[in-house]
Trainee: 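Quick one: this structure, given as structure tokens, is what I'll be asking you about.
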Amino acid sequence: VNRRLGVALLGAGLAGRMHAAEYGRAAGLLADRGIRLELVVLADADLDRARSVARRSGIPVVEADWRAAVHRDDVDLVDICLPDECHAEVAIAAARAGRHILCEKPLAQTPAQGEAALAEIERAGVTAMVGLQYRRTPAAELLRRVIEDGRLGRPHTVRAYFARDVGADPANRGGWRFDGGRLGSGSVHALGPHVIDLLRYLVGEITAVAATVQSDVGTVRSDDGTGARASDSADVLLRFAGGAHGVLQTSWAAFGRKHHLEIEVLGGEGAARLVSDRLGQVQLAESAASAPGFRTVYSGPDQRLGRLLDLTPGVAVGLDSAQAVQLYDLGLAIAEGRPVAPDFRDGLAVDRCLAAIEQSSAQRRWVELTADHPPLAIARST
Ligand SMILES: NC(=O)c1ccc[n+]([C@@H]2O[C@H](COP(=O)([O-])OP(=O)(O)OC[C@H]3O[C@@H](n4cnc5c(N)ncnc54)[C@H](O)[C@@H]3O)[C@@H](O)[C@H]2O)c1
């Protein structure tokens, strides 16, 4: 058992700052299990930004070059919060150095890159997770429990929507995310991974997609006002291995939607939904159609996350809590040599689904996905 885990955090942008803030909470939970989690270095090409984040989170060393951080002797875990185009390359380098990995979503920009990264972590025998923290929200845990317990009957229809307004304002359409010339740009790559992973986690493997991906408001690069247009919305029909069907929409040009992820599952005996601004609860409608409709079911200490986070039912829960639990679960899995989910196979399944969506849109046809990488269940008792 490895009782000390030194972490190299790569990236001090939005994701890096979110992770940095939650290491404290995860370290507290892990200390309770006799494991010392320590952020030892933060790397970002923008050193001023790195220094400021390091000061706030008490990280003793900053580096401009991620390689210098990965190869430090006191680093066991590499946390990749760099832009998507860096993920596969950095994950491969970290695995070769024998480091465990947390890689922000998506795992890679193409399935080929994802396959290369998966092969390398399997060769190295390291533990590797993809940062799809929505699985670890109390709402997702509760919704999965409701489905597993058969309270909806057999799920037959799914509606998923992830909308943000980040690209609605032309002034915001800058940086790597909005550059359509780069692989993996567009709302479906930015927002899709969370929903696709949740759908796989809740309903099962996605076997086929039919999609249209488009630029409605012309999200061109604002760096120089030119460049290829990144797509800002996707409409996707879905088929699941268990026979369910559904629809997924993503948009980052959605006025009024700050961060709105919603999933509704209809089954033969009931329906349930989760919404991202109420992550401590699900809405549940059971049995008779004559019943009054959805009621609220709160997550609390009877759920694993509720116990870990000391949740009081009815008190709002944030995505930051899911981040803390994700880091805790990963630290525990590494220390105890156990598998963790979502792992790189799950990340690759998401990459394949994203590629199938793009392919379906380009070729105007259904695209089948092979289910040769089934998801691992999240361990419920730790
Ligand atoms: N799971 C989530 O909820 C979530 C949320 C936000 C972002 N993300 C993911 O996190 C990743 C980072 O996104 P972000 O929003 O933080 O991006 P960002 O642009 O805010 O930050 C990226 C940082 O990486 C640095 N950087 C870029 N290239 C580098 C290099 N080669 N070497 C060293 N530093 C480099 C930049 O200076 C910047 O500070 C993306 O893959 C994104 O999809 C996930």
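Start at 1 and go down the list; that is how both ligands and their atoms are numbered.
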Trainee: Please list the nearest protein heavy atom to atom 41 (O) of ligand 1 with its residue and the distance rounded to 0.1 Å.
Mentor: D84 OD1, 2.5 Å
Trainee: Could you check whether any side-chain N or O of R273 sits under 3.5 Å from a backbone N or O of Q283, counting only pairs where one atom can act as donor and the other as acceptor?
Mentor: no
Trainee: Check whether any heavy atom of H87 sits under 4.0 Å from an atom of ligand 1.
Mentor: yes
Trainee: For R99 and V75, indicate whether the former's side chain and the latter's backbone hold a donor-acceptor pair under 3.5 Å.
Mentor: yes
Trainee: Can you list every salt bridge (charged side-chain N to carboxylate O under 4.0 Å, His left out) pair that touches residues 245-260, not counting sequence neighbours?
Mentor: D165-K258
Trainee: Check the surroundings of atom CZ in R364: do more than 12 heavy atoms from other residues, nucleotides or ligands lie under 6.0 Å from it?
Mentor: no
Trainee: Looking only at distances, please establish whether an N/O atom of ligand 1 is found under 3.5 Å from an N/O atom of L14.
Mentor: yes
Trainee: Does Q113 use its side chain to pair, donor to acceptor, with the backbone of Q109 at less than 3.5 Å?
Mentor: yes
Trainee: For ligand 1, which part of K105 has a heavy atom less than 4.0 Å away: the side chain, the backbone, both, or neither?
Mentor: both
Trainee: Any donor-acceptor pair under 3.5 Å linking the side chain of D343 with the backbone of D346?
Mentor: yes
Trainee: Return the residue, atom name and 0.1 Å-rounded distance of the protein heavy atom closest to atom 17 (O) of ligand 1.
Mentor: W176 CZ2, 3.5 Å
Trainee: Geometry only, no angles: is M18 polar-contacting ligand 1 at N/O separations under 3.5 Å?
Mentor: no
Trainee: Measure the CG-OG distance between D216 and S187 for me, rounded to the nearest 0.5 Å.
Mentor: 9.0 Å
Trainee: What residue and heavy atom of the protein are closest to atom 21 (O) of ligand 1, and at what distance?
Mentor: G13 CA, 3.2 Å
Trainee: Provide the number and element of each atom of ligand 1 under 4.0 Å from a heavy atom of G131.
Mentor: 1 (N)
Trainee: Considering heavy atoms of the protein only, find what lies nearest to atom 34 (N) of ligand 1 and give residue, atom and distance to 0.1 Å.
Mentor: A45 N, 3.0 Å
Trainee: As an exercise, identify every atom of ligand 1 less than 4.0 angstrom from a heavy atom of E104.
Mentor: 1 (N), 2 (C), 4 (C), 8 (N), 9 (C), 10 (O), 44 (C)
Trainee: Heavy atoms only: which of A15, A50, A12 lies closest to atom 7 (C) of ligand 1?
Mentor: A15
Trainee: I need the nearest protein heavy-atom contact for atom 14 (P) of ligand 1: residue, atom name and distance, please.
Mentor: R177 NH2, 3.5 Å
Trainee: Should you measure from each heavy atom of W66, which atoms of ligand 1 turn up under 4.0 Å away?
Mentor: 32 (N)
Trainee: Spell out, as yes or no, whether a donor-acceptor pair under 3.5 Å connects the side chain of D76 to the backbone of G6.
Mentor: yes
Trainee: Between H260 and S276 (side chain of the first, backbone of the second, donor and acceptor by atom type, cut-off under 3.5 Å), is there such a pair?
Mentor: no
Trainee: Given L107, D44, L10, identify the one with the heavy atom nearest to atom 37 (O) of ligand 1.
Mentor: D44
Trainee: Strictly under 4.0 Å, does any heavy atom of H194 approach an atom of ligand 1?
Mentor: yes
Trainee: Taking the inter-plane angle between the rings of Y134 and F162 on a 0 to 90° scale, is it parallel (under 30°), tilted (30 to 60°) or perpendicular (over 60°)?
Mentor: perpendicular
Trainee: For atom 38 (C) of ligand 1, find the nearest protein heavy atom and state the residue, atom name and distance (0.1 Å precision).
Mentor: R49 NH1, 3.2 Å
Trainee: Which distance, rounded to the nearest 0.5 Å, do you find between the CG of L143 and the CG of L198?
Mentor: 8.5 Å
Trainee: Using distance alone, determine whether C81 and ligand 1 share an N or O pair under 3.5 Å.
Mentor: no
Trainee: Judged by non-hydrogen atoms, does P83 sit under 4.0 Å from ligand 1?
Mentor: yes
Trainee: Determine whether V350 and L319 fall in the same hydrophobic cluster, where Ile, Leu, Val, Met, Phe, Trp and Tyr are linked whenever their side-chain heavy atoms lie under 4.5 Å apart.
Mentor: yes
Trainee: For atom 29 (C) of ligand 1, which protein heavy atom lies nearest, and how many Å away is it?
Mentor: L82 CD2, 4.1 Å
Trainee: Which ligand 1 atoms are under 4.0 Å away from a heavy-atom of Q133?
Mentor: 1 (N), 2 (C), 3 (O)
